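Everything below concerns the one structure shown next.
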Amino acid sequence: MAEWQRTHTCGELRQTHIGQTVVLNGWVNSYRAYNDQIFVDLRDRYGLTQVVFEADHAELFAAAGDIRNEWVLSVRGKVRERLPGKHNPKLATGDVELVADQLHVLNRCPPPPFEVMSVPLETGLGDPELAGEDVRLQYRYLDLRRPTLHRTLNLRHRLNKVIRDYLDTQGFWEIETPLLGRSTPEGARDYLVPSRLWRDEKTGRPHWYALPQSPQLYKQLLMVGGYDKYFQIARCLRDEDLRADRQPEFTQLDLEMSFVEIDDVLAVIEGLLAEIFHKCIGQTISLPLPRLSYAEAMRKYGSDKPDLRIVGMEIIDISEWAGSTEFRVFKEVVAGGGKVRALNMKGAAQKFTRKQLDDLTPFVQQFGAKGAAWIKVETDKFVSPIEKFLPASTQQELRKHVEAENGDLLVIVADKEEVICQALGHLRTHYAEYAGLCDYSWGNFQAAWIVDFPSFIWDEEEKRWAANHHPFTAPRDEDLSLLESNPAKVRAKAYDLVINGYEAGGGSIRIHNPEVQSRMFAVLGMSPEQARQRFGFLLDALKYGAPPHGGIALGLDRLTMILSGTTNIRDAIAFPKNQKARDLMTGAPAAVDPKQLRELGL
RNA sequence: GGGGGCGUAGCUCAAUUGGUUAGAGUACCGGACUGUCGAUCCGGUGGUUGCGGGUUCGAGUCCCGUCGCCCUCGCCA
């Protein structure tokens, strides 16, 4: 071992080490210089240790005077107990300090573009004056030194390990699938990779691989291949616009099982989740998770990924009541086939000023609604701009129907059903915290399954039915007969895992019957020839004895984000891209050498 | 592609109604200091107010354009 190499980490030294000569390696977190002594806090992945340089060691002391933040040091010295009253309870190593007798500067560091220095996690003070995210992304290797990111990536490591260990005990095999595949239509935009060896004979242009949006097709083929319990921690790529919880490349736990129905898949994932919560963050979750139908989620929460941390803020259909009132706006919407629904914010009436109530209308207009009516419910009356249209008996009926109590605030939107869901759903999440009807503190995890999704949604642009999940998702057996006659009513054997308002995963039971698969393509307006051209290999495979099968994929970046308590997916990824899909550190995407392009025929 | 927010010192921010030489904290440089620990105290360096144009006696501030970053709608089976 080289003399500069560490014998201990910076989070390790305790009173039991007093008197020992040790070597620490690490980065300078901060330094405090006096006439006759210099304190340096040395930081590594494991913690922070105070190093003291004393003036009686003249040469060493002079060298230590040059030390600046983020230098990489090796310090040898003797561990000693701190002076009485000088112990630092904020540090795990705060009872001791290292008195230096030898210093190796392993590397210097210019003043960094932003301050990395961080107070230890155990102080709970967090990172002071965190620099802007774009600067931190440009110097990601510096940002990664912060203990917060160390902690998140450690959590992510444990998540991966727990998944592998648990699924192994359940008999799953981890199998890799190709990154270079064939572009298939439907779904997200592909990232394409040109082939150097193959090109189109007519145009001379290269043929293309597509990077996987998910290993969907391969995992179904593995089922046909007899690998009845498969999983993979797989990178997926989609060339679509980004969000706070979406990256162009992301990681999924991809999983598939044969000879199963919905309950079998959900049971495996519930077992895995319990293990994850227990082993990654020391929490217990109660099983089984609640299941909500898509229809119910939309009706009560206006969303297929409701945040169930919000309580006392449900949407209630009041169409029947509204249609019978003398208020023209309501009557006309109901007569025209629309709906009227109210969001009841329990006990929130007094929190909203007149201005804030007036601002509800522009808020819902973002989602296509014409306006929002509000009612402050008081013991003996309604306070509302539409109060004059509602005689006392009518008010009484509404009060009873929505179970309104003194102090509740009702927000009413009359429109097409989708518009109401959008408007009131967003209203619910947007105002929950202000209305005091949610607990967003870390540790409150509300998970649920959303089931019974519709198989199809109408694509207005293309004037055809489109697969809501994907075209291989099996319809519920009892809905098969509606496939041709009433596609809108067909429910899929699909399920989403929703945690705290995020879609953490989703999957389905697949179609294993070629005849059903053909009918499915027909509904989607795809001719047998088209289907054959696009998915021929899968259709062939289904013919050659495909077992009934189904699976799920969990978004591990999102899961890490949720478990670590951040709302930014970039905080859960070591080297993320920004909102325009750029890597600010490497500068990707970038132009390439024309020679490379010529080789590819581009 | 649409909507919103932001852009001032290396970093985090301030700057009254459009009005004097654009300030502070931190980092950096120099000095002081016998135990600090997000050290403290004194002094100093540091600015094309993202960029371009316009209005005005006068623009960090108002207008137009443009670039960048964030949030969001569309999009993401």
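Note that the structure is predicted; figures quoted are calculated from it, not measured. Below, chains carry the letters A, B, ... as their sequence lines are ordered, and counting in each starts from 1. Computation of the quantities below employed the complete heavy-atom set of this structure, encompassing side-chain atoms and omitting hydrogens, waters and symmetry-equivalent molecules.
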### Query
Taking atom C1' of B:C75 as reference, at what distance in whole Å does atom CD of A:Gln422 sit?
13 Å
### Query
If you take atom types as modelled and just measure distance, does the side chain of A:Glu97 reach the base of B:G35 with a donor-acceptor pair under 3.5 Å?
yes
### Task
Any chance you could lay out the side-chain contact (heavy atoms from CB on, under 4.5 Å) test for A:Gln213 and A:Cys236, step after step, and finish with the verdict?
CA-CA 5 Å; A:Gln213 298 171 22; A:Cys236 307; 5.9 Å; no
Filtered N/O pairs between nucleotides 68-72 of chain B and protein, under 3.5 Å:
residue, atom, partner, partner atom, Å
B:G68, O3', A:Arg582, NH2, 3.0
B:C69, OP1, A:Asn578, ND2, 2.7
B:C69, OP1, A:Arg582, NE, 3.3
B:C69, OP1, A:Arg582, NH2, 2.8
B:C70, OP1, A:Gln579, N, 3.1
B:C70, OP2, A:Gln579, N, 3.2
B:C70, O3', A:Arg570, NH2, 3.2
B:C71, OP1, A:Arg570, NH2, 3.0
B:U72, OP2, A:Ala244, N, 3.2

### Task
Select from A:Asp241 and A:Gln216 the residue whose nearest nucleotide in RNA chain B is closer to the 5' end of that strand.
A:Asp241
### Task
Mind checking ring-ring contact (aromatic ring centres under 6.0 Å, His included) for A:His17 and listing every partner two or more places apart, or none if nothing turns up?
A:His8
Table of protein N/O atoms under 3.5 Å from nucleotides 25-28 of chain B N/O atoms:
residue, atom, partner, partner atom, Å
B:U26, O2', A:Glu115, OE1, 2.6
B:U26, O2', A:Glu115, OE2, 2.7
B:C28, OP1, A:Tyr31, OH, 3.4

### Query
A:His430 NE2 to B:C73 C1': how many Å, rounded?
14 Å
### Message
Under 4.0 Å from OP1 or OP2 of B:C37: is there any side-chain N or O of A:Lys90 that close?
### Response
no
### Message
Taking CZ in A:Arg82 as the centre, count heavy atoms belonging to other residues, nucleotides or ligands within less than 6.0 Å. Is the count above 12?
### Response
yes
### Side-chain donor/acceptor of A:Asn88 to base of B:C37, under 3.5 Å
yes
### Query
Which residues within residues 527-536 of chain A lie with some heavy atom under 4.0 Å of an atom in RNA chain B?
none
### Task
Measure the distance from OH on A:Tyr191 to P on B:C76 and round it to the nearest whole Å.
15 Å
### Separation of atom CZ in A:Phe114 from atom P in B:U12, rounded to whole Å
10 Å
### Message
Does B:C37 have OP1 or OP2 under 4.0 Å away from a side-chain N or O of A:Ser30?
### Response
no
### Task
Respond yes when some side-chain nitrogen or oxygen of A:Arg32 is under 4.0 Å from OP1 or OP2 of B:U36, and no when none is.
no
### Summary
A:Leu142 CG to B:C11 P, in whole Å, measures 13 Å
### Query
Which whole-number value in Å describes the distance from A:Asp190 CG to B:C75 C1'?
15 Å
### Task
Would you kindly compare A:Glu54 and A:Ser214 by the position of their nearest RNA chain B nucleotide and give the one closer to the 5′ end?
A:Glu54
Close N or O pairs between protein and nucleotides 13-15 of chain B (under 3.5 Å):
none

### Stacking of A:Phe39 on B:U36 base (centres under 5.5 Å, planes under 30°)
yes
### Atom-to-atom span, CZ of A:Arg238 to P of B:G74 - whole angstrom
17 Å
### Message
When you measure from the side-chain N and O atoms of A:Asn35 to the phosphate of B:U34, is any distance below 4.0 Å, counting only OP1 and OP2?
### Response
yes
### Message
Within the 4.0 Å heavy-atom criterion, would you say A:Gly94 contacts the bases, only the backbone, or no part of the nucleic acid?
### Response
nothing
### Query
Whole Å only: how far is the CG atom of A:Asp41 from the P atom of B:G35?
16 Å
### Listed partners of A:Phe453 passing ring-ring contact (aromatic ring centres under 6.0 Å, His included), at least two apart
A:Tyr294
